[in-house]
Amino acid sequence: MPELPEVETTVSELRSRIIGRKILKVWTDTKKLFKPDFLTFKKGATGQTIKEISRRGKNIILKLSSGKYILVHQKMTGSLLYGSEINPVRNAISNGVKNPYIHFILYLDKGILALSDLRKFAKVAFIPDLKAYPDYQKLGPEPLSREFTFGKFKEILKKSSGKIKKVLLDQNKIAGIGNIYSDEILFEARVSPLRETQKLKAKETKILYSAIKKILTKAIKAKGTSVSDYRRPSGEKGNFAKFLKVYRREGEPCPRKCGGKVQRLKFGGRSAHFCPRCQK
DNA sequence: TGCAGTGTTGCTTC
DNA sequence: CGAAGCAACACTGC
């Protein structure tokens, strides 16, 4: 589930703990997570000091003392956890909850950084040159950055076709929005996920732009959403789930009290939740 | 019991 | 070329 607010929470909570730490050892039981392969990763990471940690879209980026990078994408069920040690019997982080899904550990000179990932979809890459990494450089603008102006948003929409929900989910158009927040943003803006992007009115575009900034900012303040698996580095849950208005609320009355009912509809391979009465 | 559904992405197919 | 479908994996809930 980690979308922009969850990844932002992870990065900001890890920063003070792992900056300046040296990577002593790398462990995994799932080599397929690694790009280009585990041996390259291990050679590139071992002995390095972590100089910086940052976020780009849903990606976590560690800059190493060699000037090269580690990129972690948590995909569906990944969480990066930090603790003082690992309990090998329960595969649990010392100060976290029991967790049998740890598939990757960086042993640092102080503490450990572990990736929990039930479905093993996560990606852990060693990248010599970030700018030359296609998955990274194709990403669209950061929606909370100064660069993402209303003009920029209009330009993105102008070049897009199809339904607005699909545009919001496209990482190469805007980076970091996933299924939860696209539903919540569209509800906030009173725009149906099924609307054709080209047919949005000027006023709706403006409201949508504000809703993107508003919802993502609020979710970061709440430390993200834990619908099922996402955890903060400490193992704690995010607090935004209770603020969700439509996501996973099929059949409930519209929280805006318009008299409509939240509907779930499948398209583009995923489900969209919305109120057909007040989202036009 | 069994099967549909799950936060993401990228590959294959048409 | 774009759009759509599906696979990667393991679990939950109806």
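Quick note on labels: first sequence line is chain A, next is B, and so on, each numbered from 1.
Contact annotation: A:Lys138 side-chain N/O to B:dT9 OP1/OP2 distance is not under 4.0 Å. Between A:Gln171 and B:dT8, a side-chain N or O to OP1/OP2 separation shorter than 4.0 Å is absent. Distances shown here put a side-chain N or O of A:Ser271 below 4.0 Å from the OP1 or OP2 atom of B:dT6. Residue A:Lys123 places none of its side-chain N or O atoms closer than 4.0 Å to OP1 or OP2 of B:dT9. Residue A:Lys75 has no polar side-chain atom (N or O) positioned under 4.0 Å from OP1 or OP2 of C:dA8. For A:Ser161, a side-chain nitrogen or oxygen approaches OP1 or OP2 of C:dA3 to under 4.0 Å.
As rounded to whole Å, 11 Å separates atom P of C:dC9 from atom NE2 of A:His103. Between A:Asn59 atom CG and B:dG10 atom C1' the separation is 14 Å, expressed in whole Å. When the P atom of B:dG5 is taken as reference, atom CG of A:Leu118 falls 19 Å away, rounded to whole Å. Between the CG atom of A:Leu265 and the C1' atom of B:dT6 there is a distance of 17 Å, given to the nearest Å.
Using a 4.0 Å cut-off between charged side-chain N and carboxylate O, A:Glu188 and A:Lys214 make a salt bridge. Under the 4.0 Å criterion applied to side-chain N and carboxylate O atoms, A:Glu6 and A:Lys58 are not assigned as salt-bridge partners.
Separating the P atom of B:dT1 from that of C:dC9 is a span of 25 Å, rounded to the nearest Å. On the P atoms, B:dT6 is 15 Å away from C:dG5, given to the nearest whole Å.
In this structure, of B:dT6, C:dA4, C:dA10, it is C:dA4 that holds the atom nearest to the side chain of A:Lys166.
For B:dT13, the paired nucleotide is C:dA3, the pair qualifying as Watson-Crick or G-U wobble because both relevant distances are below 3.5 Å.
A:Tyr247 comes within 4.0 angstrom of the backbone, heavy atoms only, and of no base. Looking at heavy-atom distances under 4.0 Å, A:Lys163 makes no contact with the nucleic acid at all. Within the 4.0 angstrom heavy-atom criterion, only backbone atoms of the sugar-phosphate kind lie near A:Asp135; the bases stay farther away. Using a 4.0 Å heavy-atom cutoff across all strands shown, A:Gly178 reaches sugar-phosphate atoms only and no base atom.
Side-chain atoms of A:Tyr230 and A:Thr9 include no donor-acceptor pair closer than 3.5 Å.
The base of B:dT6 lies outside donor-acceptor range of the side chain of A:Arg270, with no N or O pair under 3.5 Å.
For A:Phe274 and A:Phe187, the ring centers are positioned 6.0 Å apart or more. Checked against the 6.0 Å centroid threshold, A:Phe34 and A:Phe126 do not count as a close aromatic pair.
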